[in-house]
Chemist: 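Okay, here's the structure, questions in a sec.
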Amino acid sequence: MSIRQALVDDNVETVKIKLGLKNDDQAFLRYGVSILTGESIFDFEMADLVDGGHDKQIDTISINEENGTATITIIQAKYTKSFESDVIIKIRNGLDWIFTTKRDEYKKLKNPALVDRIDDIRDIQRRHGPSNLCISVYYVTNAEGIDGISDECYDEMNKIHRDYDNDTFNQFNLNLISSNELIEAQEATNVKHKNIDVDVPVIYDVNNPSIINYQQNGVQSIICTLSAIELAKVISKDTKRHIFDLNVRRYLGLKGGVNSSIYNTCTTPERNKLFWFLNNGLTITCDHFDMVQDPDSPHIKLKNIQIVNGCQTASTLTAAYEAGALLEGTTVLARIYKANIENLVDDIVVTTNTQNKITPRDLRSNHPEQIDIQNIFSSYDFFYERKPREFDSNDSAISSNTFTNDFVGRAVLSVVHGKSGDARSRKGKIWSEHYKKIFMETQNAETLVLPTVLYYKVKQVLDSYDVSEGSQTRRYLVKNASLHIARIVCMLWRKSEDWKNRPKLEADYEKLLSGKVDVDKITNSALQVIEKYFTEVDDDPDLNSELKSSQFDNVIKAFVYRNGYMK
């Protein structure tokens, strides 16, 4: 067993304890999903889980829709120490069921969760078109590496690529993930901020203006050209990559098209001389800089340096340098800012991170209100994750006391603001159009904490239901309508939608926390309410479309009031 395999085993055991899972296979799956999706181990949607009978060697399918596009992540995790060609064959069969099998056929599958997810994907494909779908498929094990996989595995992978990586989708990729990739991805996010003071050589010619100093409104900046090799030396010495602590995304590796292109440019003779023109360069912040324009040794002295944009560029250059492939004469543009104004770094991060896809959630993670909310939750003895896997190494953080900012945003948007459809199906809106009212206009702490704890408790109740028997409507609602049900639970319990009366909110929160609220009973009542609506008002519903609809948010609220449930 390699060291990295042992590290994975240790991480799996940690996840098992934190989440209170029953076996190692479940813990390995949750660990792998967290690493590959960039989400917290605490932020797992049970609707994504399709593992079970007739699962076609697919454990989870997660879908993220945003601005007319969708990212679909398909994961098969096997807590074994090798890759098997039979599993890849079955994954290919699973993909065929998802994308090519006729509806009448896949509807016969005896795995309702998988059928639901196929329905969701087909609906998205119809609405957005396949050219707007990005499909990522992962086969994850605790193998030592992927170098020793069999020819049969490669043959089966090639078949999948031939059938699906053919310009039908915006992007399709199939990845084998071993202990090496798992640990590398985890280490990329497990860094803690520390000051980094460095001297970086610059390209300087006294006869050719090559440095721009600019100052306005108290902001000092300098634009200059760095030697790629000298930059890579600085980063290489920082083995834990603290220099990227304020970057909102970890290094994505060389598998993506952008980074592989960067690598090829900086390692190809003649073409490497064009690197400065072909790359957007770096954005660097620091507490202080001094430009030493010595013609024999020009360099810039940087105090507390952070590369806030250009992590992919800088990391790829460093990878090439450490491989001995980075060519002399490769240069890169750098914009350096002295961050001596409050919130300047946050603003720079938001406005400059556009080369690789950065989610609004990533961009908001360092904002002052997010830090304030983290402190609020801490005062209630809860952990609030601003960044995915922030508390993985904290033994006190377990599933019952740790909430991600995404989870909190969904709970507040649904329970407080009544927008369950957006909270369920358009999570990106939490970090864009709904962000201000969720996180910045909240008048008291209970408006954040109460709906979060309530939603967590409701999900626990729903997850405990055995819905293998009974109506298909009930089964679908239990798995997919937790946010809508949590909103109804709150209405039935509090008999009020007033979120400004702090004394009442404080009293309600104390009742909820002390167990004086029968969440099990009220959750069942709320489920019956939404079932009754679909029975009496809409007896042939498209449940997926209804739960996405903002109109349904208003309709179900009116139904609750009209039938006297709030009295």
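The analysis underlying the following values was restricted to heavy atoms, covering all of them including side chains, and did not include hydrogens, waters or symmetry mates.
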Chemist: Ignoring hydrogens and geometry, is there a side-chain-to-backbone donor-acceptor pair from Lys18 to Asn394 under 3.5 Å?
Modeler: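 Answer holds: yes.
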
Chemist: Quick one: do the Ser525 and Gln528 side chains pair a donor with an acceptor below 3.5 Å?
Modeler: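 No.
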
Chemist: Run the side chain to side chain contact (heavy atoms under 4.5 Å, CB included) check on Ile124 and Ile121 step by step: do they pass?
Modeler: CA-CA 5 Å; Ile124 290 169; Ile121 292 172; 5.6 Å; no

Chemist: Just do the salt bridge (Lys or Arg N to Asp or Glu O under 4.0 Å) check on Lys479 and Asp116 with the steps written out, would you?
Modeler: CA-CA 10 Å; Lys479 292 297 183 183; Asp116 288 345; over 6 Å; no

Chemist: Any chance CG of Asn166 has more than 12 other-residue heavy atoms, nucleotides or ligands included, within less than 6.0 Å?
Modeler: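 Atom CG in Asn166 is packed in, count exceeds 12.
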
Chemist: Quick one: do Arg410 and Asp43 make a salt bridge, cutoff under 4.0 Å?
Modeler: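 Looking at Arg410 and Asp43, the cut-off is met.
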
Chemist: Which heavy atom of Gln76 sits nearest to which heavy atom of Ile58, and what is that distance?
Modeler: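 Nearest pair, atom of Gln76 first, then Ile58: NE2-N, 3.3 Å.
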
Chemist: Going through the distances and angles, do Lys159 and Glu156 end up as a salt bridge (Lys or Arg N to Asp or Glu O under 4.0 Å)?
Modeler: CA-CA 5 Å; Lys159 290 179 183 177; Glu156 296 304 328; 3.5 Å; yes

Chemist: Measuring from Cys134:SG to Asn170:CG, what's the distance to the nearest 0.5 Å?
Modeler: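 It comes to 4.0 Å.
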
Chemist: If we ignore angles and hydrogens, is there a donor and acceptor under 3.5 Å between the side chains of Gln57 and Tyr139?
Modeler: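 No, because no side-chain N or O of Gln57 sits under 3.5 Å from a partner of the opposite role on Tyr139.
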
Chemist: In the structure I gave you, are the side-chain heavy atoms of Tyr164 and Asp96 within less than 4.5 Å of one another anywhere?
Modeler: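 Sidechains of Asp96 and Tyr164: in contact.
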
Chemist: With a 4.0 Å cut-off, would you call Asp48 and Arg117 a salt bridge?
Modeler: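 Looking at Arg117 together with Asp48, the answer is yes, because their closest N to O distance falls below 4.0 Å.
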
Chemist: Centre-to-centre under 6.0 Å for Phe439 and His367, is that the case here?
Modeler: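 Ring-ring flag for Phe439/His367: false, centres at least 6.0 Å apart.
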
Chemist: Under the criterion side chain to side chain donor-acceptor pair (under 3.5 Å), I'd like the reasoning laid out for Tyr455 against Ser414: C-alpha separation, chi angles, the key distance, then a yes or no.
Modeler: CA-CA 9 Å; Tyr455 178 45; Ser414 179; over 6 Å; no

Chemist: Should Arg127 and Glu65 count as an ion pair when the cut-off is N to O under 4.0 Å?
Modeler: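 Answer for the salt bridge query: yes.
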
Chemist: Are Lys108 and Asp104 ion-paired here, with the side-chain N under 4.0 Å from a carboxylate O?
Modeler: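 No.
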
Chemist: Tell me yes or no: between the side chains of Gln312 and Asn259, is some donor less than 3.5 Å from an acceptor?
Modeler: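 Side-chain D/A pair, Gln312 to Asn259: present.
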
Chemist: Any chance CG of Asp167 has more than 12 other-residue heavy atoms, nucleotides or ligands included, within less than 6.0 Å?
Modeler: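 No, not enclosed.
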
Chemist: Closest heavy-atom contact between Val489 and Thr523?
Modeler: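 Closest approach of Val489 to Thr523: CG2-CA, 3.7 Å.
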
Chemist: As a test of understanding, state which of Tyr380, Phe382, Trp499 forms a ring pair (Phe, Tyr, Trp, His ring centres under 6.0 Å) with Tyr509.
Modeler: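 That would be Tyr380.
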
Chemist: Angle class for the Phe552/His484 ring planes (parallel below 30°, perpendicular above 60°, tilted otherwise)?
Modeler: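 The arrangement is tilted - the two ring planes meet at 30° to 60°.
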
Chemist: Checking side-chain polar atoms at under 3.5 Å, does Asp9 have a donor or acceptor matched by the opposite partner on Tyr79?
Modeler: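 Yes, Tyr79 and Asp9 have a side-chain donor paired with an acceptor closer than 3.5 Å.
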
Chemist: Mark yes when over 12 heavy atoms from residues, nucleotides or ligands other than Arg103 sit less than 6.0 Å from its CZ; otherwise mark no.
Modeler: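 For Arg103, atom CZ is not crowded (no more than 12 foreign heavy atoms under 6.0 Å).
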
Chemist: Thinking salt bridges, do Asp466 and Arg475 make one under a 4.0 Å N-O criterion?
Modeler: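 Answer for the salt bridge query: no.
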
Chemist: At their closest point, which heavy atom of Arg122 faces which heavy atom of Phe99, and how far apart are they?
Modeler: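 It is NH2-C, 3.6 Å.
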
Chemist: Within the 3.5 Å criterion, strictly below it, is a donor on Tyr106 or Asp119 matched to an acceptor on the partner's side chain?
Modeler: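 Note: Tyr106 and Asp119 side chains meet the donor-acceptor criterion.
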
Chemist: How about Val453 and Lys457: do any of their side-chain heavy atoms sit closer than 4.5 Å?
Modeler: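 They are in side-chain contact.
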
Chemist: What I'd like to find out is whether the side chain of Lys81 reaches to under 4.5 Å of the side chain of Gln5, using heavy atoms alone.
Modeler: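 Side chain of Lys81 against side chain of Gln5, heavy atoms only: contact under 4.5 Å found.
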
Chemist: Strictly under 6.0 Å, is that where the ring centroids of Phe534 and Tyr476 end up?
Modeler: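 That pair fails the under 6.0 Å test.
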
Chemist: Tell me, do Pro451 and Cys490 make a side-chain contact under 4.5 Å, heavy atoms counted?
Modeler: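 No; the side chains remain at least 4.5 Å from each other.
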
Chemist: Work out which heavy atom in Leu512 is nearest to a heavy atom in Leu454; give both atom names and the distance.
Modeler: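 Here Leu512 and Leu454 meet closest at CD2-N, 3.8 Å.
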
Chemist: Answer yes when Asp24 and Lys16 have at least one side-chain N-carboxylate O distance shorter than 4.0 Å, and no when they do not.
Modeler: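 The answer is yes: the pair qualifies as a salt bridge.
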
Chemist: Side chain to side chain contact (heavy atoms under 4.5 Å, CB included), that's the test. Do Glu433 and Arg426 meet it? Break it down for me.
Modeler: CA-CA 11 Å; Glu433 67 183 72; Arg426 291 171 286 276; over 6 Å; no

Chemist: I need the Leu543 CG to Lys548 NZ distance, nearest 0.5 Å.
Modeler: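 The CG atom of Leu543 sits 12.0 Å away from the NZ atom of Lys548.
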
Chemist: First locate atom CD1 of Ile72, then atom CG of Asp120, and finally report the distance between them rounded to the nearest 0.5 Å.
Modeler: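 Going from CD1 on Ile72 over to CG on Asp120, the span is 9.5 Å.
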
Chemist: Looking only at heavy atoms, what is the nearest atom pair of Ser399 and Tyr456, with distance?
Modeler: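 Heavy atoms only, the tightest pair is O-CE1, 3.4 Å.
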
Chemist: Considering only NZ, NE, NH1 and NH2 on the basic side and carboxylate oxygens on the acidic side, decide whether Glu531 and Arg474 come within less than 4.0 Å.
Modeler: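 Judged by the 4.0 Å cut-off on N to carboxylate O distance, Glu531 and Arg474 do form a salt bridge.
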
Chemist: Can you find a heavy atom in the side chain of Asp392 that is under 4.5 Å from one in the side chain of Thr14?
Modeler: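 In short, these two side chains do not touch, never coming nearer than 4.5 Å.
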
Chemist: Would you say the rings of Phe42 and Phe383 are close, in the sense that their centroids are separated by under 6.0 Å?
Modeler: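 Centroid separation for Phe383 and Phe42: 6.0 Å or greater.
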
Chemist: Please give me the minimum heavy-atom distance between Gly145 and Asn180, naming the atom from each residue.
Modeler: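 Residues Gly145 and Asn180, closest heavy atoms: CA-ND2, 3.8 Å.
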
Chemist: In this structure, which one of Asp165, Thr73, Ile74 forms a side-chain contact (heavy atoms from CB on, under 4.5 Å) with Ile135?
Modeler: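 The residue from Asp165, Thr73, Ile74 that satisfies side-chain contact (heavy atoms from CB on, under 4.5 Å) with Ile135 turns out to be Ile74.
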
Chemist: Does the side chain of Tyr31 reach to within under 4.5 Å of the side chain of Glu13, using non-hydrogen atoms?
Modeler: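 The answer is no, as the side chains (C-beta and beyond) never meet within the 4.5 Å cut-off.
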
Chemist: Give a yes-or-no answer on whether the side chains of Glu441 and Tyr435 include a donor-acceptor pair shorter than 3.5 Å.
Modeler: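 Result is no, nothing qualifies.
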
Chemist: Decide whether Asp518 and Trp493 meet the rule of one side-chain donor and one side-chain acceptor closer than 3.5 Å.
Modeler: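 Note: Asp518 and Trp493 side chains miss the donor-acceptor criterion.
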
Chemist: I need the single residue from Ile35, Leu36, Ile91, Thr60 that forms a side-chain contact (heavy atoms from CB on, under 4.5 Å) with Tyr138. Which is it?
Modeler: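 In the set Ile35, Leu36, Ile91, Thr60, the residue that makes a side-chain contact (heavy atoms from CB on, under 4.5 Å) with Tyr138 is Leu36.
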
Chemist: Answer yes or no: are there more than 12 heavy-atom neighbours, outside Lys437 itself, under 6.0 Å from its atom NZ?
Modeler: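 Above 12, so yes.
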
Chemist: Answer with yes or no whether the side chains of Glu390 and Gln374 bring together a donor and an acceptor at under 3.5 Å.
Modeler: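 Side-chain D/A pair, Gln374 to Glu390: present.
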
Chemist: Evaluate the side chain to side chain contact (heavy atoms under 4.5 Å, CB included) criterion for residues Leu174 and Met157: first the C-alpha distance (whole Å), next the side-chain angles of each, then the deciding distance (0.1 Å), finally the verdict.
Modeler: CA-CA 8 Å; Leu174 169 65; Met157 290 178 66; 3.8 Å; yes

Chemist: Just checking, is any N or O donor in the side chain of Asn175 or Asn173 under 3.5 Å from an acceptor N or O on the other one?
Modeler: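 Yes, Asn173 and Asn175 have a side-chain donor paired with an acceptor closer than 3.5 Å.
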
Chemist: On the 0 to 90° scale, with breaks at 30° and 60°, tag the Phe407-Phe403 ring pair as parallel, tilted or perpendicular.
Modeler: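 If you compare the ring of Phe407 with that of Phe403, the planes turn out parallel.
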
Chemist: Determine, stepwise, if the pair Val467 / Leu477 fulfils side chain to side chain contact (heavy atoms under 4.5 Å, CB included).
Modeler: CA-CA 10 Å; Val467 289; Leu477 292 173; over 6 Å; no

